[in-house]
Amino acid sequence: MSADARPAAQPPTDRATPPLTERQEARRRRILHASAQLASRGGFEAVQMREVAEAAGVALGTLYRYFPSKIHLLVATMQDQLQHMHSTLRKRPPAGDDAAQRVAETLMRAFRALQREPHLADAMVRALTFADRSVSPEVDTVSRLTTAIILDAMGLENPTPEQLSAVRVIEHTWHSALITWLSGRASIAQVKIDIETVCRLIDLTEESESGATPWRG
C-alpha cells in the first residue's frame, strides 16, 4: 500500500488538546506551506505525502500525525487560505452600498485570489469534494470561515435564521461556481453574474434584519 493510500490514523494533532506548542505550530505551518506550493505547481496529483514531508523538512510519520491523509491536508490547506483571505478582507472591507453588493464584491475578490492559483484552487476544491466523514471537522471549519466572511460583508453579528439560510445558499452557489469554472464549464463573467444573482437573496431577508445586531468588527 502506498503512503498516500494508507488508512486514516488518529485525529491530527491540531484538533487535539492541549493546543500545539510554538514549535509544533511552526512545523504545521511548514507542512501547509509545502502543500500549497506543491499544489500550486501541479494540482491535486502533485500533492504526494512523501514529497510534502520532504519539502516541509519533517518525517513522513510526523506528517501523518498532523494530517492522516492527503484529503485532510488539502482541506486544511483551504482552511489556511481562507483564514488569510479573511484577514485581508478585514483590512480592506468591501465598499458596496448595500449588503448584497458587499457580499458579491467580497466573494469575487476571494474568487479572483483563487483564480491566480488555479492548480491550488483545483486541488483544494477536489479535496472538499472527495472528503468523507473522517474529514468533517476540517470541512466544517472551512464552512464556518466562509460563513464568517459573508457575515462580515453583510455587517451582521447575530443573523436571523432566514439570513443564515440565505448565507448557506450563497455558500453553495460560490462553491458550485468554483467547480464549474475549474472544469471549464463557466466563464469568469458567468461566475460573476451567478454570484451577484444569488446575493440578491440577502434583499429578501431585510424584513428580518431589525432583529439582528449590527456587526461591530
Side-chain angles (χ1 to χ4, degrees), residues 25-26 28-49 51-52 54-56 67 70-96 99-131 135 138-154 167 169-199:
E25 179 60 30
R28 185 177 185 274
R29 298 295 312 166
R30 293 202 309 273
I31 291 170
L32 291 173
H33 178 73
S35 169
Q37 289 290 93
L38 288 168
S40 294
R41 292 197 290 266
F44 185 84
E45 298 302 331
V47 181
Q48 302 297 321
M49 297 296 268
E51 282 74 12
V52 171
E54 290 176 356
F67 303 103
K70 172 176 171 174
I71 300 300
H72 285 83
L73 173 58
L74 281 170
V75 174
T77 302
M78 186 165 198
Q79 174 187 332
D80 189 57
Q81 295 291 314
L82 283 172
Q83 286 172 332
H84 177 71
M85 286 182 193
H86 197 187
S87 296
T88 301
L89 288 163
R90 281 185 161 180
K91 291 175 184 175
R92 293 193 302 111
Q101 290 179 8
R102 293 193 300 272
V103 172
E105 179 187 337
T106 292
L107 293 180
M108 284 308 299
R109 282 169 60 182
F111 183 84
R112 284 191 290 271
L114 292 172
Q115 182 191 353
R116 290 192 288 270
E117 297 282 0
H119 292 307
L120 174 59
D122 181 65
M124 295 187 301
V125 170
R126 286 177 65 180
L128 275 178
T129 304
F130 297 154
V135 200
E138 290 83 356
V139 173
D140 288 345
T141 300
V142 167
S143 180
R144 285 194 299 271
L145 277 168
T146 308
T147 297
I149 288 170
I150 294 172
L151 290 177
D152 268 6
M154 290 174 69
V167 168
V169 175
I170 291 168
E171 285 183 45
H172 295 326
T173 302
W174 186 68
H175 183 251
S176 177
L178 277 175
I179 292 174
T180 55
W181 173 72
L182 288 166
S183 64
R185 293 182 287 119
S187 65
I188 295 171
Q190 186 60 55
V191 167
K192 186 173 186 293
I193 291 170
D194 291 349
I195 288 176
E196 289 176 344
T197 299
V198 75
C199 284

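For this chain, numbers begin at 1 and follow the sequence in order. Owing to the predicted nature of the structure, the values given are computational and were not obtained by experimental measurement.
Between Val47 and Ser35, the shortest heavy-atom contact is CG2-O, 3.9 Å. For the residue pair Ala148 and His86, the shortest heavy atom distance occurs at CB-CE1, 3.7 Å. Taking each heavy atom of Ala100 and Cys199 in turn, the nearest pair found is CB-O, 3.4 Å. When all heavy atoms of Leu82 and Ile149 are compared, the closest pair comes out as O-CD1, 4.0 Å. A pairwise comparison of heavy atoms in Val139 and Val75 identifies N-CG1, 3.9 Å as the closest pair. Taking all atoms of both residues into account, the shortest heavy-atom contact from Ala39 to His119 is O-CB, 3.1 Å.
Atoms CD and NZ, on Gln48 and Lys70 in that order, are 4.5 Å from each other to the nearest 0.5 Å. The structure places CE of Met154 at 11.5 Å from OG1 of Thr106, a figure rounded to the nearest 0.5 Å. In this structure, the separation between CZ on Arg126 and CD1 on Ile179 is 11.5 Å, given to the nearest 0.5 Å. Taking CG of Leu120 as the start and CZ of Phe44 as the end, the distance is 13.0 Å to the nearest 0.5 Å. Distance check, rounded to the nearest 0.5 Å: CG of Leu114 to CE of Met78 gives 6.0 Å. Note: Thr146 OG1 to Gln79 CD = 10.5 Å, rounded to the nearest 0.5 Å.
Annotation: side chain of Glu105 is not in contact with side chain of Gln101 (no heavy-atom distance under 4.5 Å). Side-chain atoms of Leu89 and Asp152, non-hydrogen and from C-beta on, never get closer than 4.5 Å to each other. Between Gln81 and Glu117 there is no side-chain heavy-atom pair separated by less than 4.5 Å.
The main-chain N or O of Pro94 is never found under 3.5 Å from a side-chain atom of Arg102 such that the two would form a donor-acceptor pair. Between the side chain of Ser87 and the backbone N or O of Gln83, at least one donor-acceptor pair lies under 3.5 Å. With Glu51 contributing its side chain and Ala46 its backbone, the two residues share no donor-acceptor pair below 3.5 Å.
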>> For Trp181 and Gln190: C-alpha separation, side-chain torsions, deciding distance, then whether side-chain contact (heavy atoms from CB on, under 4.5 Å) applies.
In response: CA-CA 9 Å; Trp181 173 72; Gln190 186 60 55; over 6 Å; no

> After noting the C-alpha distance and the side-chain angles of Ile71 and Leu128, does the key distance pass the side-chain contact (heavy atoms from CB on, under 4.5 Å) rule?
Replying inline: CA-CA 8 Å; Ile71 300 300; Leu128 275 178; over 6 Å; no

>> Checking Thr77 against Phe67 for the side-chain contact (heavy atoms from CB on, under 4.5 Å) test, could you report, in this order, the C-alpha distance in whole Å, the side-chain angles of both residues, the deciding distance, and whether it holds?
In response: CA-CA 11 Å; Thr77 302; Phe67 303 103; over 6 Å; no

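Under the 4.0 Å criterion applied to side-chain N and carboxylate O atoms, Arg29 and Asp80 are assigned as salt-bridge partners.
The side-chain tip of Lys192 does not point at the ring of Phe111 from less than 6.0 angstrom away and within 45° of straight on.
Under the 3.5 Å distance criterion, with hydrogens and angles disregarded, no donor-acceptor pair is assigned to the side chains of Thr147 and Arg144.
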